[in-house]
Amino acid sequence: MFDTPAEAALHVIRLRAGLGVEPLAKILGMPPQEARVLVDTIREAGLVRAVRGNWIVTSDGIAADDAAVERWRDHAEPRDLELVEQFDRSFIGPNEAVKATISRWQSHRATLSTDEIATELHIAVSQLTFPLGAHTGVARVFDDYRERLLKLLDHAAGGDDSAISGIRAESFHQVWMELHAELLQLSGRARTAADGY
């Protein structure tokens, strides 16, 4: 999707703020040493900075990532842009349901079962138009989100309440917000009241 591995690394760091080099390497599918070289390159360019051993983007990094995504939009295949638009349309309703369910979970956690909440969230995920047979490009990006969300819902259904919403490990809520942010960026549209947080 991106012109260079450094652009891909910057994009991942932006979306998953507070990411270490080893998780980044795993996401990018490269040896940790290569990921470390990439991070050093974008750090020297002033695009990321370290916070307690992890990496976050700077304001220059946000601008550089926006520019990289805009270049992708300018040269993307029409089918990829249509896929983004279709997915964006399918996201509005499920997003409302997810926001309501997560809010209810955070407010009444002690009285709700993780299995019940996981079932509600699973319904929302099933309403999204994930591409079939996704192997490359933007289709692969969306399918990666599908796999991550369903894996977390499996953990939640097994009784792991931190898989729904938590700060110590990846959670459904965190991944959903990441998907939403990426979708807004790929679609090239501004966040509206309908998008919420």
Side-chain angles (χ1 to χ4, degrees), residues 1-17 19 23-24 26-30 38 42 47-48 57 59-103 118-154 170-197:
M1 217 175 100
F2 292 100
D3 293 337
T4 68
E7 288 179 353
L10 179 64
H11 188 68
V12 170
I13 292 170
R14 178 182 183 177
L15 290 170
R16 303 195 195 188
L19 195 64
L24 175 65
K26 186 175 181 182
I27 293 164
L28 296 176
M30 62 176 55
L38 279 179
I42 58 180
L47 305 180
V48 297
V57 291
S59 57
D60 286 346
I62 291 172
D65 183 52
D66 283 343
V69 173
E70 190 59 35
R71 283 193 297 277
W72 171 80
R73 285 185 54 76
D74 288 344
H75 300 98
E77 295 287 337
R79 66 176 178 271
D80 283 342
L81 294 174
E82 173 57 31
L83 193 158
V84 170
E85 186 179 331
Q86 180 182 15
F87 194 93
D88 192 34
R89 288 194 302 268
S90 81
F91 189 80
I92 296 170
N95 188 47
E96 287 297 319
V98 166
K99 287 190 297 182
T101 299
I102 293 293
S103 179
T119 298
E120 290 182 26
L121 295 174
H122 200 287
I123 291 169
V125 172
S126 71
Q127 293 171 341
L128 297 176
T129 56
F130 286 105
L132 300 175
H135 301 296
T136 60
V138 74
R140 181 69 245 175
V141 169
F142 286 139
D143 198 56
D144 284 345
Y145 280 111
R146 181 188 64 81
E147 291 176 2
R148 290 168 65 199
L149 290 167
L150 292 178
K151 181 179 179 182
L152 288 161
L153 290 178
D154 283 345
E170 186 168 83
S171 70
F172 180 94
H173 190 197
Q174 172 193 337
V175 175
W176 186 270
M177 289 192 298
E178 185 183 317
L179 168 59
H180 193 179
E182 178 133 46
L183 181 57
L184 286 170
Q185 195 179 14
L186 293 178
S187 65
R189 69 177 181 83
R191 185 181 291 268
T192 67
D195 292 297
Y197 59 86

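Values below: every heavy atom of this structure, side chains too, minus hydrogens, waters and symmetry copies.
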Could you check whether any side-chain heavy atom of [X] comes within less than 4.5 Å of a side-chain heavy atom of [Y], counting everything from C-beta outward?
X      : Y      : answer
Val57  : Asp65  : no
Leu28  : Leu38  : yes
Leu152 : Gln174 : no
Arg79  : Leu83  : no

If I take atom [atom1] from residue [X] and atom [atom2] from residue [Y], how far apart are they, to the nearest 0.5 angstrom?
X      : Y      : atom1 : atom2 : value
Asp144 : Leu149 : CG    : CG    : 11.0 Å
Leu81  : Leu186 : CG    : CG    : 9.5 Å
His11  : Arg16  : NE2   : CZ    : 10.0 Å
Leu19  : Ile13  : CG    : CD1   : 6.5 Å
Phe91  : Glu96  : CZ    : CD    : 10.0 Å

Enumerate the side-chain hydrogen bond (donor to acceptor under 3.5 Å, both in side chains) contacts for residues 69-78, please, sequence neighbours excluded, ordered by first and then second residue.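 Residue pairs with at least one partner in residues 69-78: Glu7-Arg71.
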Restricting to non-hydrogen atoms, name the atom on [X] and the atom on [Y] that form the minimum distance, rounded to 0.1 Å.
X     : Y      : value
Leu24 : Ala9   : CD1-O, 4.1 Å
Phe2  : Ala8   : CD1-CA, 3.8 Å
Pro94 : Ala124 : CB-O, 3.5 Å
Val84 : Leu183 : O-CD1, 4.0 Å

Check this for me: does any side-chain nitrogen of one of Asp143 and Arg140 sit under 4.0 Å from a carboxylate oxygen of the other?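 Answer for the salt bridge query: yes.
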Between Glu147 and Lys151 (salt bridge meaning N to carboxylate O under 4.0 Å), is one present in this structure?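 Salt bridge absent between Glu147 and Lys151.
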Establish, from distance only, whether the side-chain atoms of Gln86 and Thr129 form a donor-acceptor pair under 3.5 Å.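 Thr129 and Gln86 do not have a side-chain donor-acceptor pair below 3.5 Å.
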In this structure, which one of Leu121, Ile102, Asn95 forms a side-chain contact (heavy atoms from CB on, under 4.5 Å) with Trp176?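 Answer to the side-chain contact (heavy atoms from CB on, under 4.5 Å) test with Trp176 among Leu121, Ile102, Asn95: Asn95.
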Can any side-chain N or O of Ser126 pair as donor or acceptor with the backbone N or O of Ile123 at less than 3.5 Å?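 Side chain of Ser126 to backbone of Ile123, a donor-acceptor pair under 3.5 Å: yes, one is there.
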side-chain contact (heavy atoms from CB on, under 4.5 Å) partners for Asp66, two or more places apart: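 Per chain and number, Asp66 pairs via side-chain contact (heavy atoms from CB on, under 4.5 Å) with Arg14, Ile62, Gln185.
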Mind checking whether Phe142 and Phe87 have parallel, tilted or perpendicular rings, split at 30° and 60°?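 The rings of Phe142 and Phe87 lie parallel, inter-plane angle below 30°.
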Please determine whether side chain to side chain contact (heavy atoms under 4.5 Å, CB included) holds for the pair Tyr145 and Leu128, giving the CA-CA distance in whole Å, both sets of side-chain angles, and the decisive distance to 0.1 Å. CA-CA 11 Å; Tyr145 280 111; Leu128 297 176; over 6 Å; no
Glu170: side-chain hydrogen bond (donor to acceptor under 3.5 Å, both in side chains) partners, not counting sequence neighbours: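 So Glu170 forms a side-chain hydrogen bond (donor to acceptor under 3.5 Å, both in side chains) with Arg148.
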